[in-house]
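Heads up, the thing below is written out as C-alpha cells.
All chains are named by letter (A, B, ...) in the order of the sequence lines, taking the proteins before the strands, and each is independently numbered beginning at 1. Computation of the quantities below employed the complete heavy-atom set of this structure, encompassing side-chain atoms and omitting hydrogens, waters and symmetry-equivalent molecules.
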2 protein chains.
Amino acid sequence: MNDTKKSVVKRRKSADIRKDNLQLILTVAEQRFAEYGYNGTTISSIAEQANLPKSNILYYFKTKEVLYKEVLSQILKIWMVDMEEMTAEQHPKEALRHYILLKIRQSKDHSNASRIFASELLHGAPFLRDKLQTDLKIQFISTCQVIREWIAKQWMNPISPEHLLFMIWSSTQAYADYGLQSSILMGKAELDDDDFETGAELITQIVLRGCGIKQL
Amino acid sequence: MNDTKKSVVKRRKSADIRKDNLQLILTVAEQRFAEYGYNGTTISSIAEQANLPKSNILYYFKTKEVLYKEVLSQILKIWMVDMEEMTAEQHPKEALRHYILLKIRQSKDHSNASRIFASELLHGAPFLRDKLQTDLKIQFISTCQVIREWIAKQWMNPISPEHLLFMIWSSTQAYADYGLQSSILMGKAELDDDDFETGAELITQIVLRGCGIKQL
DNA sequence: CAACTACCTGACCACGAAGTCAACAAGTTA
DNA sequence: TAACTTGTTGACTTCGTGGTCAGGTAGTTG
C-alpha cells in the first residue's frame, strides 16, 4: 500500500507532471490576478506562491499574457453557463429564482473568477472583447427573447429584458466584487453563508415582485 | 480686448499656475487610472496626455501613490453625498426614487470616479479601507436605520436594509462599471442618455414594487 | 542501456518606470 | 532692479520585471 503510493508520488509520469503543474499554476495565477489585477501581478509572485521557480512558470506558459488569457478563457464559460438554462417554457418564477441562486453561488464559489471578469470589463475588456461580441452576445439576445416571451404570455410585466438582466447580473455579481466592502460595512471579517443566502433571497423577492410575477 | 486676454494668458500668477496645473493633472490622472488601473498607469502616460514633462508631474505630486490617493480622496465624498439626503420622514417612494436617479447620474457623469472606486474595492481597497471603516460605515448604518423606520411605519415590506442598499448600489454602479459590456451586448458604441434613463426607471420600478412600496 | 524527449532551473539580459537632481526660467516683492 | 520664491525640465540613477538561454536532470521508448 504504502509502497504503491510512494512510487506513485516519486515516479510521476510526464503527462501527470504536466497536468498537475498546469493546474497548480492556473489556480495560483487566478488567485493573484483576482487580488492584484493583471499589471499588479508578477510572475515571480505566482512562482513563489506555487513553490516553483519563475523559469518553470515560463516553461509552461511562454508569456504572462498567455497565462492570463488561459485563466480568462475558463471564466467566460463559467459566467455564461447558467443563463442557458432559462427557457420560455419555464415559468419565470422558477427560472429567475433558480438563475439568481446560481449566480450568487458563483460569486461565492468562484469569487476569484468573478472578480477577474469584473476587472476585465472595468478596464475595457481588452482581452475579452471578441468573446463578448460573439458568444456572450448570442446568449444574451436569446435570453432577452425568452424574457420577451414571458412578457407576451403575461407571466410578468412588460419591462426591458436587457436592463433586467443587467440588474440581476450586477446585484448578484456584487457579492463577489464588493463582498469586501459589504463585510466591512457589516462589521465582519468576510461574508458568511447566511449573507449569501439572505442576499439571494432578497434579490429574488425584489426581482419577482418587481417584475409583477405572481409568487404564491 | 485681445490685449487683456493675451496678458492673462501670458502672465499668470504663481497661484493660478499652481491651481491650474494641479487641476489638469488630477483630471488626466483620473482618466488614466480609471482606464488602466493603478499599476497599469504610468506617470509618463499622464504627463504625455497632460502635455507636461514627467518631472513636472513629480514636482506637484511627490510620488505616484500620493497622486493616486489625492484622486481617490475626492471619490468617496462624491460616492457618499447622495445617501445623506434620505431621511425617515420622507416617504421611501420619493426618497428611493430620487436616490436611484442620483446614483445613475453619478455613473454617467462621474464614470471615471465610479470605476476607480470599483476597482479599488475589487482589489481589497488597500488605500480606502480606513475611510470605509469609518466615514462610509457611519453613513451606512444611519441609512439602514432610516430604512428600518420606514419598515416600522409599514411604508414598505420588512427586508434587510443592508442587502437592499447593496442591491441598489450595485445595480446603479453597474452603469459605470459595466457600461462597456452593456453597450457591446446592445450593439452600440456606448450607452446613451436613454439607456441611463431606462435603467434608472427600471431599477426604481423593480425596487419600489419589490419592496412593496405603494406607488401612485 | 542508449538515444531521445520532456521537464527543470539559475544566471543573465534588456527595458521601462519611478523617482532624483541640478541648473535654469519665470514670477514676486522689497 | 536685486534678492527671493516658485515653477520647469532633461539627464541621470535605481530597481523590478518579463523574458531568454544553456546546461542540467528525470522520465520514456526502442
Side-chain angles (χ1 to χ4, degrees), chain A residues 3-26 28-29 31-33 35-72 123 126-127, chain B residues 4-29 31-33 35-72 123 126-127:
Chain A
D3 274 357
T4 352
K5 270 200 177 173
K6 260 191 183 170
S7 74
V8 169
V9 171
K10 282 209 160 180
R11 297 194 148 213
R12 290 188 303 168
K13 287 191 217 156
S14 273
D16 291 341
I17 294 177
R18 187 168 196 86
K19 218 184 106 204
D20 292 353
N21 278 342
L22 285 175
Q23 192 49 56
L24 172 64
I25 295 170
L26 284 171
V28 172
Q31 281 171 32
R32 307 297 298 194
F33 284 133
E35 184 96 22
Y36 301 103
Y38 178 77
N39 289 298
T41 300
T42 66
I43 300 184
S44 315
S45 78
I46 296 173
E48 197 179 351
Q49 189 160 330
N51 258 318
L52 293 172
K54 191 184 70 169
S55 307
N56 209 359
I57 312 278
L58 271 317
Y59 170 70
Y60 285 104
F61 299 92
K62 282 274 165 278
T63 68
K64 183 180 168 185
E65 192 175 315
V66 166
L67 172 55
Y68 182 68
K69 280 184 178 164
E70 199 59 42
V71 171
L72 263 190
H123 299 123
F127 296 118
Chain B
T4 353
K5 272 199 178 174
K6 261 190 184 170
S7 73
V8 168
V9 170
K10 282 209 162 183
R11 295 194 150 211
R12 291 187 303 168
K13 286 190 216 157
S14 273
D16 290 341
I17 293 177
R18 184 166 200 87
K19 218 184 105 205
D20 291 354
N21 278 343
L22 284 176
Q23 192 50 55
L24 172 63
I25 294 169
L26 284 171
T27 305
V28 172
Q31 281 170 33
R32 306 299 296 195
F33 283 133
E35 184 96 23
Y36 302 102
Y38 178 76
N39 289 298
T41 301
T42 67
I43 300 184
S44 315
S45 78
I46 296 173
E48 196 180 352
Q49 188 161 332
N51 258 319
L52 293 172
K54 191 185 70 169
S55 307
N56 209 358
I57 311 277
L58 273 316
Y59 169 72
Y60 286 102
F61 299 91
K62 282 273 166 278
T63 68
K64 183 180 167 184
E65 191 174 317
V66 167
L67 172 55
Y68 182 67
K69 281 184 177 160
E70 199 58 45
V71 171
L72 263 188
H123 300 121
F127 296 118

### Query
Do B:Lys64's NZ or CZ and the ring of B:Tyr38 fall within the cation-pi criteria of under 6.0 Å and 45°?
yes
### Query
Looking at C:dC8, C:dA18, C:dA11, which one has an atom nearest to any side-chain atom of B:Ser44?
C:dA18
### Query
Which residue, B:Lys54 or B:Asn21, contacts DNA chain D at a nucleotide closer to its 5' end, judged by nearest heavy atom?
B:Asn21
## Note on the structure
Rounded to whole Å, CG of A:Asp16 lies from C1' of D:dG27 at a distance of 12 Å
### Message
Strictly below 4.0 Å: does A:Tyr59 bring a side-chain N or O up to OP1 or OP2 of C:dC8?
### Response
no
### Query
Which whole-number value in Å describes the distance from A:Lys62 NZ to C:dC8 P?
13 Å
### Query
A:Ile57 has an atom CD1; how far is it from atom P of C:dG10, in whole Å?
13 Å
### Message
For the residue pair B:Thr27 / B:Gln23, report whether a side-chain donor-acceptor contact shorter than 3.5 Å exists.
### Response
yes
#### Entry: D:dG7 phosphate, OP1 or OP2, under 4.0 Å from B:Arg18 side-chain N/O
yes
### Query
Whole Å only: how far is the CG atom of A:Leu58 from the C1' atom of D:dT17?
11 Å
### Task
Could you please name the option among D:dT9, D:dT20, C:dA18 that lies closest to any side-chain atom of B:Ile43?
C:dA18
### Task
May I ask you to test the B:Ile46-B:Leu67 pair for a side-chain heavy-atom distance under 4.5 Å?
yes
### Message
Would the base of C:dG19 count as contacting B:Thr63 through its side chain, where contact means a donor and an acceptor less than 3.5 Å apart?
### Response
no
### Query
Can you check the B:Ile46 CD1 to C:dA17 P distance for me, whole Å?
12 Å
### Task
Measure from the side chain of A:Ile17, starting at C-beta and using heavy atoms only, and say which of C:dA11, D:dG27, D:dT8 lies closest.
D:dG27
### Query
When rounded to the nearest 0.5 angstrom, what is the spacing between CG in B:Leu72 and CD in B:Glu65?
10.5 Å
